[in-house]
Enquirer: 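Dropping a structure here in structure tokens format, bear with me for questions.
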Amino acid sequence: MRLEPIANPTWTRSLGLPAVALFATVVVASLLAMIAGAQPFSVLGLIVKGAFGSKFATLETLNRATPLIFTGLAVAVAFRAKLWNIGAEAQLYMGAVFTVVLGTGALAWPAFALLPTIAVAAMLAGAVVLLVPTFLKTRFSVDEVVTTLLLNFVVLLWVSMLLEGSLKDPMGLGWPKSARLIAEARLPRIAEGLRLHWGFGLALISALVVWVIQRRSTLGYEMRAVGLNPAAARFAGIPVNATLIKTALLSGGLAALAGFSEVAGLKGNLTLDISPGFGYTGIIVAMLALLNPLGVVVAALFVAGIFVGADSMSRAAGVPTYLADIMLALALLAMVLAIMLTKFRVRRD
Amino acid sequence: MTDPRPEAQVVLRLENITKRFGKLTANGAISFDLRQGEVIALLGENGAGKTTLMNILFGHYTPDEGHVEVFGMRLPAGNPRAALAAGVGMVHQHFTLADNMTVLENIVLGTRSIWRLGFGRAQARQRIVTLMEDYGLRVDPDAQVGSLSVGERQRVEILKALFREARILILDEPTAVLTPQETDDLFATMRKAVALGLSVIFISHKLHEVMAISSRVVVLRHGKLVAEAKTSETDRAAMAQMMVGSEVAAPVVRRADPGAALVTLAGVSSPDIGSAPGLKNVDLELRAGQITGLAGVSGNGQTALADLIGGLIRPASGTFHVKGDAPRGWSPHAAISAGIARIPEDRHKTGTIADFDLTENAVLELYSRPGFSRHGWMNWRAARDFAAKIIRGYDVRCPGPETRIRLLSGGNMQKLILGRVLETAPSVVLANQPVRGLDIGALTYVHEQLLAARDRGAAVLLISEDLDEVTALSDVIHVISEGRLSPGFARGAMTPAELGVWMAGDGFEEAPHAA
Ligand SMILES: Nc1ncnc2c1ncn2[C@@H]1O[C@H](COP(=O)(O)OP(=O)(O)OP(=O)(O)O)[C@@H](O)[C@H]1O
Ligand SMILES: [Mg+2]
């Protein structure tokens with residue numbers, strides 16, 4: 001068996017195969033549900049119903065998708081330039097920490113000035129965390145996969161230290177959590193009485209902005225060139241290292257917005273479990289979206305839907321929620337395989 | 001070469017092969033036979049459809065019409081496995097070896113199931129060593145492929161085909177990347193193969209090679225078979241005419257009118273690049289309105305010199321001036337801004353980005369200029385117009401500016417690069433192996449453009465391994481050997497034999513420039 005590159009994949013191939021991959025995921029997941037003792041095809045219906053079946057469920061899914069859109073964008077932007085940022089988790093927590101630092105009363109400004117300030121500060125903080133590995137990469141060729149990954153643990157432990165120390169809520173009865181944000185630092189709801197905050201709107205706008213940057217800006221062109229062929233980019237006078245640095249700023253900033261939006265929008269304070277791995281799930285989202293910024297929105301909704309739907313599905317069908325994790329893993333594997341098969345054909349030898 | 005016996009068996013028959021890519025007919029109803037012991041040279045301009053035809057023959061592409069017969073048996077279409085089994089071996093224009101594996105592993109790779117762990121190493125090695133001896137293909141079986149020279153890699157490719165018991169060898173432009181010495185070695189191998197009963201299809205744009213090695217020529221033009229002839233009954237001029245459809249005249253070289261020195265190197269040295277030497281105490285002047293030729297066997301410091309003038313490296317010592325200034329912060333961008341047009345040696349690796357379309361490749365060096373972008377936003381309309389202008393002005397054959405450059409033939413890729421750098425009216429042109437892999441039409445065209453640039457007052461540096469090319473075009477010739485540069489010789493001052501002595505590294509001791 002051998003793989004043979006395809007010069008120019010057809011449209012049916014590059015769109016059809018991912019569709020087949022998703023379908024295959026559903027079939028296999030249904031089989032697993034059957035093994036677990038549920039009605040095979042009811043499981044999918046239950047997940048969809050659980051995720052989008054009611055206004056409450058839909059809003060829950062959108063809330064859950066919000067940080068995933070940010071981290072998915074962060075990863076998509078970086079991967080496009082072949083900057084392997086596995087550290088969106090760390091960048092997210094940096095954003096969250098700075099939101100708390102500035103939003104708990106340090107600046108007594110009105111919301112229209114305070115919120116943008118906090119957002120920018122959070123983005124800068126996230127960007128700095130990614131700048132360090134990027135600098136090590138451009139300067140000393142240190143593999144950024146390792147450094148960004150390890151920084152996740154460093155930052156998480158640091159946040160844990162802060163929550164036991166300087167950021168600890170004095171009224172918190174000893175729990176490791178921060179004080180609550182002041183009202184001016186909270187992201188308002190999109191509509192009165194709707195349980196959906198402006199973080200979601202910001203995520204959609206970010207996706208659109210990133211899409212425009214990639215298609216229309218010189219930076220987007222530089223990022224693609226550096227990702228596809230750094231040697232040719234360098235020869236043509238494209239500043240390769242500067243492009244990677246700018247990519248890192250954008251990527252780290254986007255991931256930090258996830259932290260900002262979770263704290264300022266959803267939770268109102270910082271705890272250690274503010275992200276159940278949104279940074280890592282962002283990689284799945286970006287891959288499922290084939291690194292397309294608008295695709296990230298769809299993929300994030302898909303992933304969030306499975307997570308949210310899985311809870312009610314497991315209650316209704318009596319199967320473990322782990323089924324959702326398995327489904328996601330299957331979807332990712334199938335998608336990666338599908339992406340490969342759009343570029344290669346399998347030949348039997 | 002002697003003709004094979006006329007009654008020799010037909011080993012390969014192409015029947016009425018047609019292949020279309022969208023609107024473009026890459027191959028139109030092509031039929032011909034290959035007989036045992038024959039070397040057919042397949043000729044044609046860049047983009048004539050030679051590689052496409054060979055890919056069909058080898059099963060990489062499925063033809064729209066027609067079929068292939070090997071030893072009287074019809075091959076299933078689009079099945080390389082069947083072609084291999086039938087005894088067809090192909091050496092691609094661009095190699096397909098795995099860099100991180102040894103020669104032995106590369107050769108054996110794919111002949112055994114991937115599910116089997118051990119693969120009879122000792123046995124395989126024995127066969128490979130025998131093949132090396134039989135065909136005169138010397139290469140260390142345990143070397144990592146990544147560390148091999150291009151010539152050695154090619155030998156591995158040929159060994160790979162022979163290991164699979166190929167009876168028919170297809171060599172797609174094997175000599176484009178070889179030094180003259182390596183080409184001679186390859187021809188010796190081909191002669192041995194023919195003597196052992198193999199048959200060969202050989203693609204080359206170098207007509208003297210075609211004359212030397214082939215028994216028959218088959219000529220394609222715009223995807224159609226336009227002529228077939230015995231090599232002994234034709235000559236270079238006739239072949240050129242068959243390929244292009246009209247007579248090809250070498251460009252007329254008018255007298256040069258040299259002006260000021262635009263680029264000056266004095267006592268410049270640079271570090272070695274891997275196994276290739278850097279520059280050693282080099283003095284060089286590139287004058288306006290003059291073509292300076294750099295002759296020498298490749299791997300003798302040409303890359304270092306091109307990289308230096310092109311902005312990729314800086315001199316370690318010595319003085320380097322561009323238009324009278326010692327540039328500070330020398331970089332590719334600085335070189336482009338200083339009006340240096342660079343035609344890189346490797347158009348696939350450094351000259352273009354394969355998955356970018358023609359528009360994106362056309363503005364690769366210029367996108368940051370006003371006109372193509374403003375305040376950080378691309379003006380794609382201007383970029384497309386620029387690409388369209390190059391396509392028209394430099395006769396780039398392609399479906400349109402939104403074609404990915406990967407799909408262009410080598411010659412057309414080179415024309416795009418040429419257009420991209422010459423459209424900016426540069427004052428210095430750095431042409432590193434500019435006609436490698438180009439057909440005579442395209443080659444003549446590139447030479448005309450270089451001469452035109454010279455006549456406009458540009459300083460041209462022509463780096464080439466082909467001594468004929470250098471002597472025909474250059475007003476001043478330097479020879480480079482192990483990083484040392486000979487003094488400049490005026491046009492006609494030295495015979496090729498005398499230059500050859502310098503190329504071999506002799507003469508430098510007496511030269512005033514030697515360190
Ligand atoms: N996969 C493809 N899709 C679309 N067009 C293609 C494809 N492969 C080749 N072409 C086009 O078909 C034509 C013939 O290409 P081919 O590579 O066969 O030329 P060639 O004779 O080998 O040229 P060269 O001497 O430069 O190698 C070219 O115009 C090329 O752009
Ligand atoms: Mg070809």
Side-chain angles (χ1 to χ4, degrees), chain A residues 1-11 13-14 79-82 138 209-243 245-247 249-250 290-292 339 342-349, chain B residues 21-22 55 59-61 78-81 84-85 96 109-115 307 310-312 331-337 342 344-356 360-361 363-368 372-380 383 403-407 417 420:
Chain A
M1 237 168 48
R2 161 175 90 68
L3 295 175
E4 184 182 288
I6 299 172
N8 46 341
T10 55
W11 272 105
R13 207 177 175 92
S14 43
F79 280 19
R80 186 62 85 194
K82 299 239 161 72
T138 55
V209 168
V210 170
W211 184 72
V212 172
I213 286 177
Q214 288 198 334
R215 303 213 108 193
R216 304 246 99 151
S217 74
T218 51
L219 177 62
Y221 176 71
E222 289 165 337
M223 292 193 312
R224 284 185 299 131
V226 168
L228 286 171
N229 184 343
R234 183 168 117 81
F235 180 83
I238 294 177
V240 174
N241 286 349
T243 302
I245 299 278
K246 287 182 203 164
T247 307
L249 287 172
L250 188 57
L290 310 179
L291 306 188
N292 180 321
I339 294 168
T342 56
K343 295 188 184 135
F344 297 93
R345 190 177 281 133
V346 179
R347 289 272 185 211
R348 292 207 44 199
D349 265 6
Chain B
F21 294 115
N55 276 330
H60 276 308
Y61 290 157
N79 187 342
R81 168 99 187 124
L84 264 172
T96 54
L109 190 72
T111 59
R112 312 291 151 97
S113 157
I114 54 168
W115 309 116
D307 282 357
L312 285 122
S331 67
H333 186 75
I336 297 164
S337 307
R342 302 154 317 142
E345 176 177 18
D346 189 332
R347 47 183 165 266
H348 300 280
K349 281 212 191 100
T350 47
T352 57
I353 292 179
D355 285 316
F356 268 9
E360 289 165 322
N361 271 296
V363 296
L364 209 50
E365 295 185 337
L366 307 170
Y367 72 96
S368 57
F372 293 122
S373 65
R374 255 182 70 199
H375 308 308
W377 297 100
M378 296 293 296
N379 182 348
W380 283 118
T403 316
R404 283 194 302 157
I405 204 152
R406 174 190 288 290
L407 297 177
I417 293 176
R420 163 174 101 193

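Convention: sequence-line order gives letters A, B, ...; per-chain numbering from 1. Since this is a predicted model, take the numbers as computed values, not measurements.
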Enquirer: Taking side chain as C-beta onward, heavy atoms only, is F235(A) less than 4.5 Å from L364(B)?
Expert: no
Enquirer: Just how far is it from atom CH2 of W377(B) to atom CD1 of I213(A), taken to the nearest 0.5 Å?
Expert: 5.5 Å
Enquirer: Give the ring-plane orientation class for F356(B) versus Y221(A), where under 30° counts as parallel, over 60° as perpendicular and anything between as tilted.
Expert: parallel
Enquirer: Of the listed residues (N379(B), I353(B), V363(B), L366(B)), which shares the most heavy-atom pairs with chain A below a 4.5 Å separation?
Expert: I353(B)
Enquirer: Can you tell me which portion of R215(A) sits under 4.5 Å from chain B's heavy atoms? Options are side chain, backbone, both or neither.
Expert: backbone
Enquirer: Between R420(B), R342(B), H348(B), which residue shows the highest count of heavy-atom pairs closer than 4.5 Å to chain A?
Expert: R342(B)
Enquirer: Measure the spacing between CD of E365(B) and CD1 of I238(A) and express it to the nearest 0.5 Å.
Expert: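 Nearest 0.5 Å value for the CD-CD1 distance: 9.5 Å.
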Enquirer: Restricting to non-hydrogen atoms, name the atom on A231(A) and the atom on K349(B) that form the minimum distance, rounded to 0.1 Å.
Expert: CB-O, 4.1 Å
Enquirer: T352(B) versus N229(A): any side-chain heavy-atom pair under 4.5 Å?
Expert: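 With C-beta onward as the side chain, the pair stays apart.
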Enquirer: Which value, rounded to the nearest 0.5 Å, describes the distance between R234(A) atom CZ and S331(B) atom OG?
Expert: 9.5 Å
